[in-house]
Amino acid sequence: MKHDNQEDIQLRNRLNDLCQLRLFRNTKKEFGEYIEYNLTTNNSIQRIKPFTARCLYRELEKQILQDTYNELDINETLETYKEASEFYIHEIKKININPETDVDLLHAYLRYVCINNLESPECNDKKLNKLLNAINKRPTVQLVPLLLIMLKILPTYKSKQGDVKDIDGDFIKLHHFFTEFARKEPSVQEMPVLEFMKYDFTRHKQKNRIMLIYMTYCAINNFCSLINATDSYDLVIHINHNTQLPDIGEHYWYDTDHYNDTTTFWDFEQTATDNYFLYQYKFKLDLQEIHRKRFEITLFNQWNTLVLYAAKSSYMHILLKEKKQIQTDKQAWYKCEMDDTQSPLKIELCELVAGKAILDFQSLTRLTDEKMTEQINNWKEKFKMINIKEDGQAEEDYEFRAAPFAITEECIFIKQEAKENEEKPDWYYRVPKEINEGLKKITINDFVGILTIQEKKYIGFSPISLFLDVTNDEAIKESKVELVERIFL
């Protein structure tokens, strides 16, 4: 019984911390209204009976977990916040870091923590050297609460700062800090991390410091994944885990807002990598031609929102042949809704979350008219198919086929198809894991195969978006790949 009372008192103290730090609500009054306890007088959380406080805290614990999509444990958050605060007071505060004038220093700190195996930078910045030296002596201190304290977005743990004055302003400050960091790190721009962060914050009715902490964790975890090859695998696996594959293939679709247009239709084709090709067909009856555009589509859940990701098919040309980062104007992330998550009859693009709108419809409806379906199939058999170019760039067809492969401790062996090499039909591509850290995480369940585009051939590792040119002997050597007769350890 005594143990239970001690635990009740401990949880009452945590409830008090939630209140004093304005984590769950921005003012003391709002917090009191939520727990139905008047805190505007001389009342305090400490006057609540321990068992009652325990019940209140457990309910808040559940609510915070729900608000953060079952990801943020408030108990762990409070512990790491407290440790970071004590570390800041005793070790960091005396360095006199100004979040407005020392932004580059804080970016350097973030980069140092994000990038695996990065050595301390050798520089003449005494403040940065002091900061990194202090941090290296206390590796248990969490980056997120410490960074937010240094940015003066969170107060120190025992602060009596009082109510939050401007939660929207705090978010803008945080978002701007990350935006400036992203400009210096091109790899983190491959996904709209900050656009999703802004989208999620603005749609929340209750904006609070808990959300700022949670979003900072999300942003930094995504940054680490995009910067580090080994972590990028985990990010892709996370997205794949949340990928949705409704029954939308093998049907034609039409633009809901232009249902009288009987010459423009859409068609989804599921791929081996759990994505879709989306084809737009414009039938030119007078010319007996079909003008076709192709897009890459992925459907996945992000923060309780169904997202439709679309990319122009020419992005593969840019990625492989021009070896450039995919431009934002060739990608789009939409908030998406379906009337049925398993077998929808209607797909609606509700809002553009990030990128540039590249799909010229707001809503698609499944075609159920059998005669029209038959007519479309007849046109496809008789008419000439023309792939439409975008911005002068050919919409090139490519094929990405799964290939048998084996994994050893140091290498991955990918079998050639017999038709690939008549002289060595049963040989293997030997790919050393050391050429890319992400290869060390590839498993036998991942999609690995041979991608061909025009007359070029690549070994593709889908989870880490790694494509190695094996078109000819020269390309194989340059990719640090070897052609071998058998698998060996």
Handout entry: Stepwise side chain to side chain donor-acceptor pair (under 3.5 Å) test for Q416 and Y429
Key = CA-CA 7 Å; Q416 292 190 108; Y429 295 111; 3.3 Å; yes
Handout entry: Stepwise side chain to side chain contact (heavy atoms under 4.5 Å, CB included) check, K346 with S363
Key = CA-CA 7 Å; K346 190 173 182 180; S363 173; 3.1 Å; yes
Exercise for the section: For E195 and K198, run salt bridge (Lys or Arg N to Asp or Glu O under 4.0 Å): C-alpha distance rounded to whole Å, both residues' side-chain angles, the deciding distance at 0.1 Å, then the answer. Expected result: CA-CA 5 Å; E195 288 85 345; K198 185 175 182 179; over 6 Å; no
Practice task
Take K28 and D163 through the salt bridge (Lys or Arg N to Asp or Glu O under 4.0 Å) test and state the conclusion after the steps.
Solution key: CA-CA 7 Å; K28 194 172 184 178; D163 292 344; over 6 Å; no
Exercise for the section: Quick one: do F201 and F171 satisfy ring pair (Phe, Tyr, Trp, His ring centres under 6.0 Å)? Show the steps, please. Expected result: CA-CA 8 Å; F201 184 80; F171 173 79; 4.1 Å; yes
Handout entry: Derivation of the side chain to side chain donor-acceptor pair (under 3.5 Å) call for N301 and Y69
Key = CA-CA 11 Å; N301 281 319; Y69 314 106; over 6 Å; no
Exercise for the section: Dump the intermediate steps for side chain to side chain contact (heavy atoms under 4.5 Å, CB included) on L174 and L148, then the final yes or no. Expected result: CA-CA 8 Å; L174 179 63; L148 291 174; 3.8 Å; yes
Handout entry: Stepwise ring pair (Phe, Tyr, Trp, His ring centres under 6.0 Å) test for Y281 and F383
Key = CA-CA 11 Å; Y281 297 111; F383 291 1; over 10 Å; no
Practice task
Go through the steps to decide whether F447 and F400 satisfy the test ring pair (Phe, Tyr, Trp, His ring centres under 6.0 Å), and finish with yes or no.
Solution key: CA-CA 10 Å; F447 191 91; F400 194 6; 5.0 Å; yes
Practice task
Just do the side chain to side chain donor-acceptor pair (under 3.5 Å) check on H204 and Q206 with the steps written out, would you?
Solution key: CA-CA 6 Å; H204 264 276; Q206 290 293 340; over 6 Å; no
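A 4.5 Å side-chain heavy-atom check between Y458 and V470 finds every atom pair outside the cut-off. The shortest side-chain heavy-atom distance between D267 and L278 does not fall under the 4.5 Å cut-off.
Between L65 and L72, the closest heavy-atom pair is CD1-O, 3.4 Å. Residues N75 and R58 share a closest heavy-atom pair of ND2-NH1, 4.5 Å. For V144 against I213, the heavy-atom pair with the smallest separation is CG1-O, 3.9 Å. In terms of heavy atoms, C411 sits closest to P432 at SG-CA, 4.1 Å. E100 and V103 make their closest contact through O-CG2, 3.6 Å (heavy atoms, listed as atom of the first residue, atom of the second, distance). Closest approach of F24 and D67 over heavy atoms only: CE1-OD2, 4.0 Å.
Judged by distance alone, the side chains of D17 and Y81 never bring a donor and an acceptor atom under 3.5 Å apart. Residues N222 and S225 have side chains that never bring a donor and an acceptor to within less than 3.5 angstrom of each other. Counting only N and O atoms by type, the side chains of D261 and T263 include a donor and acceptor under 3.5 Å apart. Between the side chains of T273 and S462, no donor-acceptor pair is found at a separation under 3.5 Å. Counted by atom type alone, N377 and Y252 present one or more donor-acceptor pairs between their side chains at under 3.5 Å.
Looking at residues two or more places apart in sequence or on another chain, you find a side chain to side chain contact (heavy atoms under 4.5 Å, CB included) between E399 and R401, T452. In this structure T140 satisfies the side chain to side chain contact (heavy atoms under 4.5 Å, CB included) test together with E83, R138, sequence neighbours excluded.
At a threshold of 4.0 Å, the pair R14-E79 counts as salt-bridged, since one of the basic side-chain nitrogens sits closer than that to a carboxylate oxygen. The pair K456-D469 meets the salt-bridge criterion, with a side-chain N (NZ, NE, NH1 or NH2) lying under 4.0 Å from an Asp/Glu carboxylate O. Comment: K152 does not engage D170 in a salt bridge, judged by the lack of any side-chain N to carboxylate O separation of less than 4.0 angstrom.
More than 12 heavy atoms of other residues, nucleotides or ligands sit less than 6.0 Å from atom NZ of K173. Within a 6.0 Å radius of NZ in K433, other residues, nucleotides and ligands contribute more than 12 heavy atoms. Crowding of K384 atom NZ: a count of heavy atoms from other residues, nucleotides or ligands under 6.0 Å not exceeding 12. Crowding of E180 atom CD: a count of heavy atoms from other residues, nucleotides or ligands under 6.0 Å exceeding 12. Heavy atoms of other residues, nucleotides or ligands lying less than 6.0 angstrom from NE2 of H258 number 12 at most. Within a 6.0 Å radius of NZ in K480, no more than 12 heavy atoms belonging to other residues, nucleotides or ligands are found. Counting non-hydrogen atoms of other residues, nucleotides and ligands closer than 6.0 Å to NZ of K380 gives a total above 12.
Two rings, from F413 and F405, have their centers 6.0 Å or more apart. Ring centroids of F181 and F223 are separated by less than 6.0 Å, placing the two rings close together. Annotation: F177 is in aromatic contact with H107 [ring centroid separation under 6.0 Å]. The ring of Y309 has its center no closer than 6.0 angstrom to the ring center of Y334.
Ring geometry for F268 against Y276 counts as perpendicular: the plane angle is over 60°, on a 0 to 90° scale with 30° as the lower cut. The aromatic rings of F361 and W266 sit perpendicular, their planes meeting at an angle over 60°, well past the 30° parallel limit. Ring planes of W333 and F196: perpendicular class, angle over 60° (limits at 30 and 60°).
Both cation-pi conditions hold for R25 and Y34: the charged atom is under 6.0 angstrom from the six-membered ring centre and inside a 45 degree cone around its axis.
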